[in-house]
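What you are looking at is a predicted structure, and each value in this text was computed from that prediction instead of being measured.
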Amino acid sequence: MKSKISLIVFSLFTILTPVKPLVIIAVLAIILDTCFGIWRSVKKGGWKSIRSRRLSHTISKTLLYSGAIVFVFLLEKYVIADILAHFIAIELLLTKAFTFFCVYTEIKSINESYFSVTGINVWDKFKSFAKRSRETLEDLK
């Protein structure tokens, strides 16, 4: 009985191996957002302002994102893959796009926390940097 359960668990991990890096990326983005949220909370209200209820949202968000990424992966791999392969040669495109959406959401939250403490909008700074870089490249041509 124990060997059958081990075989089932090993098989499940083998099926989910391609999606593991994407889940890790999403979890790292959630952890980074949590760190910035704690930093903002401490800067605005001191250590007393940190609540376990707010930190517990991190666990539910991690489980939700991870489960959703795995679900999109399974849906794409075993339902949509044959149809999608006729049009796009990129493997796991939908899963990667969904993971990007999750990470983008966390990056926006990180930017909001950073802006709340410092008053600097990192996204606007990045856009102006990209615009200046493009102008510099055009001047070099």
Side-chain angles (χ1 to χ4, degrees), residues 1-47 49-141:
M1 180 68 178
K2 188 176 180 182
S3 64
K4 288 183 181 180
I5 293 174
S6 299
L7 184 63
I8 290 171
V9 169
F10 182 70
S11 299
L12 184 62
F13 281 132
T14 303
I15 291 170
L16 297 178
T17 299
V19 79
K20 188 172 112 178
L22 299 175
V23 171
I24 290 172
I25 289 169
V27 169
L28 288 176
I30 292 169
I31 291 170
L32 191 61
D33 178 40
T34 303
C35 292
F36 271 87
I38 291 170
W39 177 58
R40 178 184 67 192
S41 184
V42 168
K43 286 291 187 180
K44 294 291 182 176
W47 284 101
S49 63
I50 296 177
R51 302 276 181 245
S52 63
R53 179 175 296 278
R54 296 283 297 154
L55 287 175
S56 70
H57 293 326
T58 303
I59 296 169
S60 60
K61 187 181 356 178
T62 302
L63 292 174
L64 178 69
Y65 281 14
S66 300
I69 290 169
V70 169
F71 178 74
V72 170
F73 165 72
L74 292 173
L75 183 70
E76 181 178 13
K77 185 78 172 172
Y78 296 106
V79 178
I80 304 173
D82 296 334
I83 298 167
L84 203 57
H86 291 293
F87 303 107
I88 301 170
I90 301 171
E91 192 173 334
L92 303 176
L93 178 67
L94 295 177
T95 308
K96 290 174 183 175
F98 184 78
T99 304
F100 176 77
F101 173 75
C102 293
V103 171
Y104 177 74
T105 304
E106 295 304 307
I107 289 172
K108 283 189 66 156
S109 178
I110 290 168
N111 187 35
E112 289 171 3
S113 295
Y114 190 78
F115 180 75
S116 176
V117 173
T118 64
I120 298 171
N121 189 334
V122 177
W123 182 247
D124 289 341
K125 294 281 186 183
F126 177 74
K127 286 192 300 188
S128 67
F129 171 74
K131 184 178 178 183
R132 282 190 315 237
S133 298
R134 189 175 345 138
E135 290 171 356
T136 304
L137 285 174
E138 289 174 2
D139 289 344
L140 292 175
K141 289 181 183 182

With rounding to the nearest 0.5 Å, note down the distance linking [atom1] in [X] to [atom2] in [Y].
| X | Y | atom1 | atom2 | value |
| --- | --- | --- | --- | --- |
| Asp82 | Lys77 | CG | NZ | 10.0 Å |
| Leu32 | Leu28 | CG | CG | 8.5 Å |
| Leu7 | Leu12 | CG | CG | 11.5 Å |
| Ser113 | Lys43 | OG | NZ | 13.5 Å |
| Leu93 | Ile80 | CG | CD1 | 10.5 Å |
| Asn121 | Asn111 | CG | CG | 4.5 Å |

Exercise for the section: Evaluate side-chain contact (heavy atoms from CB on, under 4.5 Å) for Val27 paired with Tyr65, printing each intermediate quantity in order. Expected result: CA-CA 8 Å; Val27 169; Tyr65 281 14; over 6 Å; no

Practice task
Could you go through the side-chain contact (heavy atoms from CB on, under 4.5 Å) check for Val72 and Phe101 one step at a time?
Solution key: CA-CA 12 Å; Val72 170; Phe101 173 75; over 6 Å; no

For [X] and [Y], which heavy atoms make the closest approach, and how far apart are they?
| X | Y | result |
| --- | --- | --- |
| Thr95 | Phe73 | OG1-CA, 3.3 Å |
| Leu16 | Leu74 | CD2-CD2, 4.2 Å |
| Leu84 | Glu76 | CD2-OE2, 3.7 Å |
| Glu106 | Ile30 | OE1-CA, 3.8 Å |
| Lys96 | Glu91 | NZ-O, 3.3 Å |
| Ala26 | Ile69 | CB-CD1, 3.7 Å |

Kindly say whether [Y] contributes a backbone atom to a donor-acceptor pair with the side chain of [X] at under 3.5 angstrom?
| X | Y | result |
| --- | --- | --- |
| Thr136 | Arg132 | yes |
| Ser116 | Glu112 | no |
| Ser109 | Thr105 | no |
| Ser128 | Lys125 | yes |

Problem - Heavy-atom check, side chain of Asp33 versus side chain of Lys61, under 4.5 Å - result: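 A side-chain contact exists here, since the closest heavy-atom pair is under 4.5 Å.
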
Handout entry: 4.5 Å side-chain heavy-atom contact, Phe98 and Leu75
Key =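 No - every pair of side-chain heavy atoms lies 4.5 Å or more apart.
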
Exercise for the section: Please work out which of the three classes, parallel, tilted or perpendicular, describes the rings of Phe36 and Trp39, given edges at 30° and 60°. Expected result: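 Rings of Trp39 and Phe36: perpendicular, over 60°.
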
